[in-house]
Amino acid sequence: MNSLSESGNEGVRSGPEPSVVAGERRQLINLAYRLLGSLADAEDAVQETYTRWYAMSRKQQEAIESPGAWLTTVAGRVCLDVLGSARARRERYVGTWIPEPLPDRSEWVVGRSDGHGTESADSGDPADRITLDESVSMAFLVVLESMTPAERVAFILHDVFRYPFAEIAEIVGRSPAACRQLASSGRRRIRAERATAAPAGGPAGQAGLVRNFKEAWENKDIETLVGLLDPGAIMTADGGGMVGTVLHPVEGAENIAAYLIHIAGKAPGLTLAERTVNGRPGLVALYRGVAVTVAAIDLTDGRVSRIWAVRNPEKLGAWTETGQKVRFPHLRP
């Protein structure tokens, strides 16, 4: 973490440089996205954190020994509050709420322009600043959704960002011992999920399977699709009530395959592209060049066992150029 600098030979503490404070944004975005599962909410939480920093007087800022620690503490508390209110909001959510999917940085930059027809090397969007690792895989984020807000904050801060429990206690308002128990409970949930999901062959192996899955879907080859799906596979979709989609999970290889063929039949203009979704090979469905569905995929014993299909347009901002809109057929059976 960044500490305050000292000025001159007199040992007088100077205020934190603006660049030092601004330099914490990447870390805060990474933390907030993992805590909230939403890029938009993460950006709002980080903005609120900085608003509180700049609302302080210069003297108050100078009294803070470590701006990085202060910003992390405030961001953690803001996210904890958001998680508490999110539970109530998601009870009213139409269908299943799925975390917002993120593309690979290179795939996010491709197609983005600076307004002069030139692709930007750094668009400055928060998706560019999130490190894609196991802690942002869709399977991981979905398990986080099952945790209590305090459990999620304690687990992410300790197990992912390596913060000591004494500091976590200040954020969640509990004792270090209680925070240790919260993180341990979260860890058990993650281990239980990993015990049932075993991606085969790493990213390369998953990429090959996803490619085969894509080709079978494009060819409307239901038998091959069934063979690539785990018999107990589950497909969950998130339209947020804004676009048509199934409101309940589709279970079983044959049912999922039949539904996918049904979609292909209703939308002849639909094309599929292989993309990295939250750090793992996945698929993006495009209609007239616009991303209408982003599918995160998980494997068990070399077959597709979980598909999370995000169709809510509010969660696809990182996948579609600003301003592009398209009407897409409803995809309910």
Side-chain angles (χ1 to χ4, degrees), residues 94-96 98-104 106-108 110-112 127 138 206-230 233-278 280-299 303-333:
V94 179
T96 303
I98 298 176
E100 182 176 350
L102 286 180
D104 181 76
S106 62
E107 294 168 358
W108 162 253
V110 170
R112 312 295 291 194
M138 191 60 73
Q206 177 156 339
L209 192 149
V210 169
R211 183 172 298 111
N212 293 337
F213 192 85
K214 168 183 173 289
E215 292 173 353
W217 189 1
E218 290 174 329
N219 295 328
K220 301 180 183 179
D221 186 345
I222 193 167
E223 290 186 6
T224 300
L225 281 174
V226 171
L228 292 171
L229 286 157
D230 184 85
I234 301 174
M235 185 189 78
T236 307
D238 176 355
M242 303 183 69
V243 295
T245 191
V246 289
L247 297 179
H248 303 286
V250 180
E251 300 183 8
E254 294 183 356
N255 290 333
I256 294 173
Y259 179 69
L260 293 175
I261 298 301
H262 165 78
I263 291 174
K266 289 192 68 173
L270 193 71
T271 60
L272 300 173
E274 298 171 49
R275 293 287 185 269
T276 300
V277 182
N278 286 64
R280 290 188 178 181
L283 293 173
V284 176
L286 303 165
Y287 189 70
R288 298 177 183 173
V290 178
V292 293
T293 303
V294 173
I297 295 172
D298 209 23
L299 310 183
R303 291 185 178 185
V304 174
S305 56
R306 290 300 304 262
I307 301 174
W308 294 279
V310 180
R311 299 203 63 239
N312 185 340
E314 292 186 345
K315 298 182 181 182
L316 301 182
W319 302 86
T320 301
E321 290 190 38
T322 302
Q324 284 189 289
K325 295 181 180 179
V326 65
R327 285 188 175 275
F328 187 69
H330 282 207
L331 297 182
R332 290 192 180 96

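Along the sequence shown, residues carry numbers from 1. Computed from heavy atoms alone, side chains included, the values below leave out hydrogens, waters and symmetry copies. As the structure is a computational prediction, the values presented were derived from the model and not from experiment.
Pairing each heavy atom of Ala296 with each of Met138, the nearest pair is CB-CB, 3.6 Å. In plain terms, the two heavy atoms of Asn312 and Met242 that are nearest each other are OD1-SD, 3.2 Å. Of all the heavy atoms in Ala257 and Leu229, the pair that sits closest is N-CD1, 4.0 Å. The nearest pair of heavy atoms linking Leu316 to Ala291 is CD1-O, 3.7 Å. Taking every heavy atom of both residues into account, Ile98 and Thr236 meet most closely at CD1-O, 3.5 Å. Here the closest heavy-atom approach between residue Thr293 and residue Ala309 is recorded as CG2-CB, 3.9 Å.
Of the possible donor and acceptor atoms, one in the side chain of Arg311 sits under 3.5 Å from a partner among the backbone N and O of Gly244. In this structure, Asp104 contributes its side chain and Thr276 its backbone to no donor-acceptor pair below 3.5 Å. Put simply, the side chain of Lys315 never gets that close to the backbone of Asp238: no donor and acceptor are under 3.5 Å apart. Side chain of Trp217 to main chain of Leu272: no donor-acceptor pair is present (N/O by atom type, distance under 3.5 Å, no hydrogens or angles).
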Assess the residue pair Leu283 and Phe213 against the criterion (side-chain contact (heavy atoms from CB on, under 4.5 Å)); give the C-alpha distance rounded to whole Å, side-chain angles, the decisive distance to 0.1 Å, and a yes or no. CA-CA 9 Å; Leu283 293 173; Phe213 192 85; 4.1 Å; yes
Should Leu260 and Met235 be marked as a side-chain contact (heavy atoms from CB on, under 4.5 Å) after you check the CA-CA gap, both sets of side-chain angles, and the distance that decides it? CA-CA 10 Å; Leu260 293 175; Met235 185 189 78; 4.2 Å; yes
Before giving the answer on side-chain contact (heavy atoms from CB on, under 4.5 Å), spell out for Val292 and Leu286 the whole-Å C-alpha distance, their side-chain angles and the decisive distance to 0.1 Å. CA-CA 6 Å; Val292 293; Leu286 303 165; over 6 Å; no
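Shown here is Glu254, whose CD atom has no more than 12 heavy atoms of other residues, nucleotides or ligands within 6.0 Å.
Here Leu228 contributes atom CG and Glu215 contributes atom CD; the two are 10.0 Å apart, rounded to the nearest 0.5 Å. Note that CD of Glu100 and CG of Asn278 are 9.0 Å apart. Values are rounded to the nearest 0.5 Å. Taken to the nearest 0.5 Å, the CD1 atom of Ile256 stands 9.0 Å off from the CZ atom of Arg306. One distance of note links CD1 of Ile234 with CH2 of Trp308; it measures 9.5 Å at 0.5 Å rounding.
Salt bridge present: Glu218 and Lys214 bring a charged side-chain N and a carboxylate O closer than 4.0 Å.
Using a 4.5 Å heavy-atom cutoff, the side chains of Val310 and Trp319 are not in contact. For the pair Arg280 and Val210, the minimum side-chain heavy-atom distance is 4.5 Å or more.
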